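Here the structure comes first, spelled out in C-alpha cells, and everything after it is commentary.
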Amino acid sequence: MTKLRILRLRIVLTTILVTAVMGMIQFALPAEDAYRAVRAAVRERPADQSIVVVAVDDRTLNTLGQEKTRRDQDAQVVETLLAAGAKRVFFDFAFSNRTTKQADERFLNTLVKHRDRVFIGGAPAIDNDGRKHLELLPHSYFRDKVSIVSLHGEAAPFSLSTRFPTHSVLGDRSQRSMCAELANFKGAGGMFRPDFAINYRTIPTISYVSVLSSEAPDSVVRGKDVIIAPTNLDNNDYHQLPMGEFAPGVFFHVLAAETLKAGFPIDLGWLLPFVIACFVLALLSLRSRNIWRPACFSLTAIFLFPFLLDSTVYSVDIVPAVSCLGIGWFRLHRLYRKVHHDGTSLLHIDALKQNDSIYDSDVIALKIRNFSTIAAEASSRDIRFLLDAVIRRLSTTEKDAAFAFERDTLVWLRPKLPGPTLEAHAFGLHSLFRAGLAFRGSATVDMNVNIGIDDNHDLDTRQRIEMALQCAEDAARGGRILVVSEPVELEDREWRLQLLSKLDEAMQNNSVEIRYQPKINLADRGIIGVEALLRWTHPERGYVDPEQVVALAEAHNRIDDLTLYTLETALRDCRKFIDVDRDFTIAINISPVSLQNEPIFSRIKVLLTQYDMNPQNLILEITESKPISRQLIDQVLLGIQKLGVQVSLDDFGTGSSSLEYLRHLPSSEIKIDRSFIMDLEYSQEDRSIVKHAIEMASDLGRRVVAEGVETEGAAKLLCEMGCLAAQGYLFSAAVPATEIGKMMAGKKFAA
C-alpha cells in the first residue's frame, strides 16, 4: 500500500470516527432542528380547520374584569359549544385547585354530564435539562369523574424543535396526550415532533367572551373539536417556534394533533444516512481525479433526501452524514490539491516519490521537448486540455498508471518488463506521438518526445525517479529517443550533485573565473566592448564546460546566483574601461529562467548604482533558441528597456521563431550565431542568410554583431554586408580583464 493510500485511509477512518461520536451524543441536534425548521418554512401550508381554539385572551379578561375565568363561566361555555355542534371540548387547564362551591359544583356537573366529550388537562412530573416541574393533576374533586389528557411537551435546545408524547403517566395511570386524543390516535405511539410546516396562524380562533355571550356563530365550531386555552399576554404558556416567533402553547398541541392525523411520525435517526455517507466517502477516497463534482452531487442528494421524506411519515437526521461527507471531502480535497496539479489528475512529482512499492516496477519518464514552446502562447486551460490528451494517448498502453508531471516531463510506474521488451515498449510509446494531438479545437500540435527509463530495482523510489528524469533529459540533449539508466549514469548524477556543491563553494570564494572576449568594430578594428564568459576549473575534475555549468545551475535553481556573480564580477573588472570610452559596453548572458524572477532585476539596479554605471553600458544577452512568451516580453523585457539596460538577441537564427522574435523582442542588438559565420567564405546559402539577416536587423534599427569570426575573409565579407561589429578567435579568445586594458591602451587589430 502506498503512503498516499495510507493517508487517504487515515482521513476516512478518523472522519468517520469523529462524526460517529457526534451522532451518538447528538452534538449536532441544534443544526438538525434548524434544518427541519428551514424545510418546514419551505413547505408551509394552512391548518386543516378541524380544530378550533377558544382563546381566553386579553379581550375576554378585560371585558369580564377578571384575572381568569370562573368555573361556572367555563361550564356555560362548554354547554354553548356542544349545543352549537362541537364534537368535543378540551381544556388546556389542569383545574388543580378549588374555587367557590357553587362554581365548582356547576362545572363538575357539566363535566360528568358530557364525560365522553369534555377533557381537562394534566402534566406529569418532569426533569428537563435541570428544570424540574412537579406533577400537575386536576383536583381530587374533579379527578375521578372526568376524562383527563396529558398536556406534556418537551422543547429541544435553543427551542428549535418540540416533541410531544402520545401517552404520559399521570398519577398511577397512562393517559393519552391531548394531541393523540384530538387525532383519535390508537397506536402504541411514543415521542414525536409536530409538523411546523402547518401555519399556526391559520388555525381557527375565537374569543372566549364571544362564546360566553353567544356572539360567535355556530358554524365556526360545528362538527369540530374545540380547545379552550389561555392566550392573554400575561400568560406564561408562550413558547418559541423554530423560526423565532412566540405563540401560545395551545397552538403547539393543535400542530401535533394534525401531524398525528397523517400517521405517527417514524424517525429513522442518523445511522442510515451516516452509513451511506461513509460508503460514499470511501468510494471518493479511491478516486485519483478531482472529487469536487461527485462530492457536491452526494452532498446535494443527502440534503434533498429529507425534503422527499417530509411528504411521508418518515424522517431522518442528516447532519452527522453531511458532516462526515463534508469534512472527509474537504480533507481529501486538500490532500488532492497537495499531491496533484490543479485541474488535472497528474500527481506532483514529490507525491509519486512517496510510493514505496516500486521494487517490481519500472520507472518511465517521457519528456515533451517542445512543451515550453507550446505553453508559451497557450492558456492554462489549453495546457490542461493538452495534458489530458497526452494522458489519454498514453493510457492506451499504460492502463491504470498514475502519472506525475514536472515542468515538461511525465513520470509513471509500470509493471516490470525484461530489458529487450522494455525498450521495445518505450519505442512503441514514442511512436504514439508521431501523429499530432488535437489542440485548441480542430488544430493539432506535434509533440517531440524523449524517454528515460530506470530499471535499477534495488534503488529507493526517489533515486529511481530522479534517474528516469535525468535519462529523459539526456535523451533530449543527445537527440536520442530513449536512454535507459546504467550504474555509471547514477555515478555521473552523483558527481553532478557534488559539482553543484563545489560550484556554490567556488562562487563564495570568488574562484569562478570570468573572462572577456572583445567585441570589435569591423571598420577600424577598435575594441567597443566585451562579452563576459564563465570559466571554471574544478580542483579535481579540471576544466568544466560552461554549458554544463549553466545547465546544472538552471536545473538546481542556482542560475540567478550565477548570473549575479558574473554581473558583479564583470562590473568590478570593467568599470574602469568606461572611463576611457564612454560607449564601452559589457555584455553578459542571462537565462530565460531568470527573466521570470523579479528580484534579480532589483539586484541589477543595486549593482548599477553601486558601480556608478550608466545602464546603457550594460547589455543583457538572451538566447533566442529558448522560447520566450509574449507575456514575458510585455512584463519583463520592456521593463528592462525602460530601465535603460540594452537587450541583445543571442544565437540569432538557431531557434524556431527568429522572425517573430526580431519583430516583438525589444532588443537593440542581434548576434548572428557562429554556425552561419564559420563557412561564410564557402557557403552561398550562409552568405545569403547572413546578408538578409543584417538587412532586416538594420531596417528595424538593430545593431548586428557576428559571433565566431575566425578568418580575415569572413571579416571582410561581413564588413561588405554592412555588419559593424564582430567577435571571434580572429581577434581574440576570451582573456582576463587586464589583457583587455592592454588592448585598449595601445593595440588595434590589423586588417
Side-chain angles (χ1 to χ4, degrees), residues 1-39 128-130 154 156-158 160-161 163 190-191 193 265-310 314-340 342 345 347-348 350-357 400 402 461:
M1 181 178 292
T2 66
K3 292 181 180 179
L4 182 57
R5 288 182 179 175
I6 292 174
L7 286 174
R8 288 174 179 165
L9 180 61
R10 185 179 300 166
I11 286 173
V12 171
L13 292 179
T14 56
T15 301
I16 290 175
L17 178 62
V18 169
T19 50
V21 172
M22 287 173 56
M24 286 186 286
I25 66 175
Q26 293 189 322
F27 178 79
L29 183 60
E32 199 78 60
D33 288 337
Y35 185 49
R36 286 194 188 91
V38 171
R39 301 200 311 267
N128 187 12
D129 294 331
E154 295 179 1
F158 307 106
L160 291 169
S161 181
R163 297 197 310 164
M191 298 293 289
R193 298 183 182 89
I266 300 174
D267 188 352
L268 299 175
W270 61 275
L271 197 55
L272 177 61
F274 182 77
V275 170
I276 295 173
C278 293
F279 178 73
V280 172
L281 181 61
L283 291 180
L284 291 178
S285 71
L286 299 177
R287 290 177 60 91
S288 60
R289 291 190 69 88
N290 200 325
I291 59 175
W292 185 83
R293 288 186 179 179
C296 285
F297 175 81
S298 301
L299 283 169
T300 302
I302 293 176
F303 268 111
L304 292 179
F305 185 49
F307 272 103
L308 299 177
L309 291 181
D310 283 340
Y314 296 97
S315 65
V316 291
D317 294 348
I318 63 164
V319 172
V322 169
S323 300
C324 177
L325 191 53
I327 295 171
W329 166 76
F330 177 75
R331 296 179 66 196
L332 287 172
H333 181 67
R334 285 187 62 189
L335 178 64
Y336 182 92
R337 291 290 299 272
K338 184 178 179 181
V339 302
H340 290 82
D342 188 30
S345 62
L347 295 167
H348 290 296
D350 286 339
L352 189 63
K353 290 175 182 176
Q354 299 299 314
N355 196 313
D356 56 3
S357 59
D400 301 323
T461 303

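Excluded from the calculations below are hydrogen atoms, water molecules and symmetry mates; all remaining heavy atoms, backbone and side chain alike, are included. We number each residue from 1, following the sequence as shown. Worth saying up front: this structure is predicted, and the values here are computed from it rather than measured.
- Proximity of F274 to I16: side-chain heavy atoms (C-beta onward) are separated by under 4.5 Å at one or more points.
- Side chains of M24 and P320 form no contact here, defined as non-hydrogen atoms less than 4.5 Å apart.
- Here the shortest heavy-atom pairing between V316 and E32 reads O-OE2, 4.1 Å.
- Between D317 and Q26 the shortest side-chain heavy-atom distance does not fall below 4.5 Å.
- Atom CD1 in I318 sits 7.5 Å away from atom CD1 in I302 (nearest 0.5 Å).
- With sequence neighbours excluded, the residues that form a ring pair (Phe, Tyr, Trp, His ring centres under 6.0 Å) with F303 are Y35.
- Scanning all heavy atoms of the two residues, the minimum distance from L325 to A277 falls at CD1-O, 4.1 Å.
- Counting heavy atoms from C-beta outward, D33 and R193 have side chains that approach closer than 4.5 Å.
- Here the options are L335, I327, I6, the test is side chain to side chain contact (heavy atoms under 4.5 Å, CB included), and the partner is I11; only L335 passes.
- Atom CZ of F307 sits in a crowded spot, with more than 12 heavy atoms from other residues, nucleotides or ligands closer than 6.0 Å.
- With a 4.5 Å cut-off on side-chain heavy atoms, P265 and S315 do not count as touching.
- For the salt bridge (Lys or Arg N to Asp or Glu O under 4.0 Å) test, no residue two or more places apart in sequence or in another chain qualifies with R10.
- For the residue pair R36 / S161, no side-chain donor-acceptor distance below 3.5 Å is found, with atom types taken as modelled.
- Looking only at side-chain heavy atoms (C-beta outward), L332 and L281 come within less than 4.5 Å of each other.
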